[in-house]
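Have a look at the structure below, then the notes.
Proteins get letters first, then strands, A, B, ... in listed order; numbering begins at 1 in each.
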2 protein chains.
Amino acid sequence: MKNRLKVLRAEHDLTQAQLAERLNVSRQTINAIEKGKFDPSLPLAFKAARLFKLSIEDIFQDEE
Amino acid sequence: MKNRLKVLRAEHDLTQAQLAERLNVSRQTINAIEKGKFDPSLPLAFKAARLFKLSIEDIFQDEE
DNA sequence: ACTAAAAGTAAAATAAACTTGACTTTAACT
DNA sequence: AGTTAAAGTCAAGTTTATTTTACTTTTAGT
């Protein structure tokens, strides 16, 4: 699962810590997701989509 | 998190077991998701979206 | 070069998703 | 009424997401 979080953060001028705070998760969770260590839960993906006003598919891309 | 799996199954004439098989999860997982016991993982949500040719948002709805 | 903020990483613990196996209930059919 | 497929449920176990704490590395500024 790839994602555009890093770019979206840059566009919105947010640090990992700030994004984490907005999404109510830990900074390490954001880092791990950006680094591809694991996938976010569906609720977290929805929160990110809502925050950036994008669809989940715009942010996260399946790689099958 | 609500979802339209039951209706989509009906539209496609699939049992929980058949849907489970198509998505490579157990029948109990489909049942639990339909019953709202837990949310699917993001990868599973993507698989369902691909199968039904819908967006994740079309199948699963956040309730915040 | 020094500093500070940000990012990266890792281990241990908890929570949530998912499996397996087994059993009960519901719906439909004959 | 008896049978069967599908749906519902539950407990115990495994895997994956997430937290917390803590430390290291990178980046940018002075």
Seminar exercise, completed: Judged by nearest nucleotide, the residue sitting upstream toward the 5' end of DNA chain C, Gln16(A) or Pro43(A), is Gln16(A)
Exercise. Along DNA chain C, 5' to 3', what are the outermost nucleotides having an atom less than 4.0 Å from a heavy atom of chain A?
Worked result: dA6(C) to dA10(C)
Seminar exercise, completed: Min and max contacting nt of DNA chain D in 5' to 3' order, chain A heavy atoms within under 4.0 angstrom, are dA17(D) to dA22(D)
Problem set entry | Any donor-acceptor pair under 3.5 Å from Asn3(A) side chain to Ile33(A) backbone | yes
Exercise. Does Gln61(B) use its side chain to pair, donor to acceptor, with the backbone of Met1(B) at less than 3.5 Å?
Worked result: no
Exercise. Between Glu57(B) (side chain) and Ser55(A) (backbone), is there a donor-acceptor pair under 3.5 Å?
Worked result: no
For this session: Check every strand shown and say whether Thr29(B) touches a base, only sugar-phosphate, or nothing at a heavy-atom separation below 4.0 Å.
Result: base
Problem set entry | Chi angles and distances behind the side-chain contact (heavy atoms from CB on, under 4.5 Å) call for Glu11(A), Leu8(A) | CA-CA 5 Å; Glu11(A) 287 176 358; Leu8(A) 289 168; 3.7 Å; yes
Exercise. Of the non-hydrogen atoms in Leu42(A) and Pro40(B), which two are nearest, and what is the gap between them?
Worked result: CB-O, 3.4 Å
Exercise. Roughly how bent is the helix from dA1(C)-dT30(D) to dT30(C)-dA1(D) end to end, in steps of 10 degrees, with each end axis from five pairs?
Worked result: 40°
For this session: Answer yes or no: does atom CD of Gln18(B) have more than 12 heavy-atom neighbours from other residues, nucleotides or ligands under 6.0 Å?
Result: yes
Exercise. In terms of side-chain geometry, is the basic nitrogen of Glu34(B) or Arg9(B) positioned less than 4.0 Å from the acidic oxygen of its partner?
Worked result: yes
Problem set entry | Test: Asp62(B) and Arg50(A) ion pair at under 4.0 Å | yes
Problem set entry | Which residue lies more 5' along DNA chain D, comparing Arg27(A) with Lys6(B) via nearest heavy atoms | Lys6(B)
Exercise. Phe46(B) and Leu54(B): same hydrophobic cluster, using ILVMFWY side-chain contacts below 4.5 Å?
Worked result: yes
Exercise. Does the pair Phe60(A) and Lys2(A) meet the rule for a side-chain contact (heavy atoms from CB on, under 4.5 Å), with working shown?
Worked result: CA-CA 6 Å; Phe60(A) 303 94; Lys2(A) 292 181 59 178; over 6 Å; no
For this session: Have a look at Ser26(B) and say if it touches a base, only the backbone sugar-phosphate, or nothing, with a 4.0 Å heavy-atom cut-off.
Result: base
For this session: Tell me which of Gln28(A) and Leu44(A) sits closer to the 5' end of DNA chain D, going by the nucleotide each one is nearest to.
Result: Leu44(A)
Exercise. Between Leu51(A) and Lys47(A), is a side-chain contact (heavy atoms from CB on, under 4.5 Å) present by the stated rule, with each step listed?
Worked result: CA-CA 6 Å; Leu51(A) 177 60; Lys47(A) 280 186 194 171; over 6 Å; no
